[in-house]
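If you're wondering where the values come from, they're calculated on a predicted model, not measured in any experiment. These values consider heavy atoms only, across backbone and side chains, with no hydrogens, waters or symmetry-generated copies. So you know, we letter chains A, B, ... as the sequences are listed, proteins then strands, and number each from 1.
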Number of protein chains: 2
Amino acid sequence: MDTSLPKSDIFKGLTRDQLSGLVEKGRRIILKPKSVLFHQGDPAASCFLVNRGRLKLTKLNEQGREVIFRYIGAGELTAAITVLKRWAYPVTAESVEETVVVGWDKPTMIQAMHRYPDIAINLMGIILERIDDVQHRYLEVCTEHVDQRIARSLLRLMRRAGLKHPEGIQINLPLSRQNIADYSGTTLYTVSRTLSAWEKKGWILSGREQIVVTDPHALVQFSETG
Amino acid sequence: MDTSLPKSDIFKGLTRDQLSGLVEKGRRIILKPKSVLFHQGDPAASCFLVNRGRLKLTKLNEQGREVIFRYIGAGELTAAITVLKRWAYPVTAESVEETVVVGWDKPTMIQAMHRYPDIAINLMGIILERIDDVQHRYLEVCTEHVDQRIARSLLRLMRRAGLKHPEGIQINLPLSRQNIADYSGTTLYTVSRTLSAWEKKGWILSGREQIVVTDPHALVQFSETG
DNA sequence: CGCTCTATTGATAAACCTCAAATACAGTGG
DNA sequence: CCACTGTATTTGAGGTTTATCAATAGAGCG
């Protein structure tokens with residue numbers, strides 16, 4: 001069995017042996033692209049670590065409109081909150097590409113935290129960062145214009161999933177206009193128009209489900225001043 | 001000294017004596033209406049419990065536009081996050097009426113958590129509820145129309161600060177149109193127009209900085225369907 | 001090559017904001 | 001009690017932003 005694990009914040013402080021012991025207790029799941037790991041309100045959802053690939057975390061509102069909270073990649077956790085709460089995690093996780101995760105159920109996770117208190121501390125840190133992140137994005141979506149928000153979305157994705165590319169930095173993720181819209185709180189039409197305009201300005205290059213940011217500085221400038 | 005403390009989630013599980021010992025270690029602060037307890041990015045901010053009155057938690061964006069995250073009342077905590085993180089809490093807390101808070105610095109709080117592990121567990125629970133709340137509001141602000149969001153804001157405030165009133169439920173809080181706008185992510189003009197319309201429909205009564213919800217059911221209905 | 005999914009673009013409408021001006025209200029000091 | 005002042009609120013007009021709808025083009029795949 002492949003016991004290699006990516007570096008992850010949650011297990012910082014553990015030795016190699018402790019870590020592989022934990023991994024053995026986990027359930028390894030391989031997801032094809034666009035398959036659902038757990039669904040909004042799924043009571044069985046427990047704690048998952050992404051080993052390879054990437055998950056999209058979303059939420060649907062009553063009318064069925066989707067919002068993307070974040071994309072999480074190798075070494076990142078999701079649904080860790082459920083370990084500490086009895087309610088189901090109100091978020092859906094879906095792979096955007098072939099993805100491998102390791103999942104632990106609540107009892108295992110709680111036992112692990114007792115044995116290695118570092119895990120609990122790390123978990124706390126991760127949750128606090130998430131809260132800060134959502135709060136900041138809440139501020140943005142309340143106060144900023146759509147195009148500013150699109151710019152921020154691209155920059156955020158670029159930082160988390162950026163790859164070197166001859167013309168700039170490529171967002172290494174299958175990313176449709178609809179995805180960007182769901183991530184920015186707008187519609188695919190507005191995204192399309194906005195990206196077209198930026199492409200004319202030379203700030204980005206765009207293709208089918210692909211974006212390359214060619215002038216990050218211009219985007220940053222724009223995202224801050226409008 | 002007045003050692004009476006409101007029931008608070010954070011100290012659930014502690015005895016009366018343990019609690020009053022803690023209160024004595026805290027610093028009691030009395031705030032006149034509209035005074036700032038701590039400011040966005042203030043490194044000195046530590047953990048505060050509201051004893052009486054109410055605080056408004058806000059954040060300013062780069063252009064100086066304010067967003068209200070939440071109003072917190074007696075028995076509720078704020079800035080608890082700072083206890084566990086080195087960074088400053090990126091939020092401003094301001095009293096909306098005469099307010100009494102008890103504040104503890106980080107070392108005291110950490111010591112207390114060691115002595116009474118219940119506190120750490122309770123704190124965790126509070127933080128998890130907050131994350132869920134912000135995420136849900138993020139979804140709302142991304143997907144819903146302004147008037148739906150205003151309806152949700154009134155309902156939320158009603159549930160947290162509602163008082164019986166001959167005509168319905170009064171929101172017991174000085175609440176200007178601007179406040180509602182900052183809480184809903186819109187402008188005071190739109191709030192004014194919307195409330196006028198609802199008053200004509202008999203859903204609410206409104207006065208200067210005062211709202212009475214006379215038909216909560218209609219508001220709920222509206223907030224869900226548009 | 002035809003099928004499906006994604007993206008673009010124009011036209012139109014709706015939602016919402018901004019500005020300006022008028023009005024209502026609460027508190028203060030005479 | 002009343003005028004005065006500062007703030008809160010309302011409302012209209014006009015404009016901008018953004019969503020919606022519809023039609024077309026393009027890309028990838030078997």
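Looking at B:E140 and B:R156, a side-chain N of the basic residue comes within less than 4.0 Å of a carboxylate O on the acidic one, giving a salt bridge. Salt bridge B:R70/B:D133: present, at least one basic N to carboxylate O contact under 4.0 Å.
Protein chain A contacts DNA chain C over a range whose 5' and 3' limits, counting nucleotides with an atom under 4.0 angstrom from a non-hydrogen atom, are C:dC5 to C:dA11.
Ring geometry, B:W198 versus B:F222: the interplanar angle exceeds 60°, so the pair is classed perpendicular (tilted spans 30 to 60°).
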Heteroatom pairs (N/O) under 3.5 angstrom, protein to nucleotides 6-11 of chain D:
from, atom 1, to, atom 2, distance (Å)
D:dT7, O2, B:R208, NH1, 3.3
D:dT7, O2, B:R208, NH2, 3.0
D:dA8, O4', B:R208, NH1, 3.3
D:dA8, O4', B:R208, NH2, 3.4
D:dT9, OP1, B:E209, N, 2.9
D:dT9, OP2, B:R177, N, 2.8
D:dT10, OP1, B:R177, NH2, 3.3
D:dT10, OP2, B:R177, NE, 2.8
D:dT10, OP2, B:S192, OG, 2.6
D:dT10, O5', B:S192, OG, 3.3
D:dT11, OP2, B:S196, OG, 3.2

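Between A:L139 and the choices B:K59, B:R65, B:E66, the side chain to side chain contact (heavy atoms under 4.5 Å, CB included) rule is met once, by B:K59.
For A:E94, the side-chain contact (heavy atoms from CB on, under 4.5 Å) partners two or more places apart in sequence, or in a different chain, are A:K34, A:V36, A:K56.
Heavy-atom minimum distance, B:S206 versus B:R177: OG-NH2, 3.0 Å.
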Only pairs under 3.5 Å count here: list side-chain donor-acceptor contacts from residues 146-153 of chain B, not counting sequence neighbours, and write none if there are none.
from, atom 1, to, atom 2, distance (Å)
B:Q148, OE1, B:H145, N, 3.2
B:Q148, NE2, B:S223, O, 3.1
B:R149, NE, B:S184, O, 3.1
B:R149, NH1, B:E144, O, 3.2
B:R149, NH2, B:S184, O, 3.2
B:R149, NH2, B:G185, O, 2.7
B:R152, NE, B:E144, OE1, 2.9
B:R152, NE, B:E144, OE2, 3.2
B:R152, NH2, A:E62, OE1, 3.0
B:R152, NH2, B:E144, OE2, 2.7
B:R152, NH2, B:S223, O, 3.3
B:S153, OG, B:R149, O, 2.9
B:S153, OG, B:S184, OG, 2.8

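Contacts with DNA chain C (heavy atom under 4.0 Å) in residues 139-155 of chain B: B:H145, B:V146, listed by number.
In this structure, A:F48 has its ring center no closer than 6.0 Å to that of A:W104.
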- Message: Please evaluate residues A:E76 and A:R160 with respect to the criterion salt bridge (charged side-chain N to carboxylate O under 4.0 Å, His left out), reporting the C-alpha separation (whole Å), side-chain torsions for both, the decisive distance (0.1 Å), and the verdict.
- Response: CA-CA 11 Å; A:E76 290 187 294; A:R160 311 191 94 253; 2.4 Å; yes
- Message: Is there a side-chain contact (heavy atoms from CB on, under 4.5 Å) between A:V100 and A:R28? Walk through the geometry before answering.
- Response: CA-CA 7 Å; A:V100 180; A:R28 189 185 170 83; 3.9 Å; yes
- From CA spacing to verdict: side-chain contact (heavy atoms from CB on, under 4.5 Å), B:I127, A:M124: CA-CA 10 Å; B:I127 288 174; A:M124 195 63 155; 4.0 Å; yes
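Side chains of B:Y138 and A:R137: a donor on one and an acceptor on the other come within 3.5 Å.
Stretches of at least 3 consecutive Watson-Crick or G-U wobble pairs, with each checked distance under 3.5 Å, appear in DNA chain D as C:1-30 with D:1-30.
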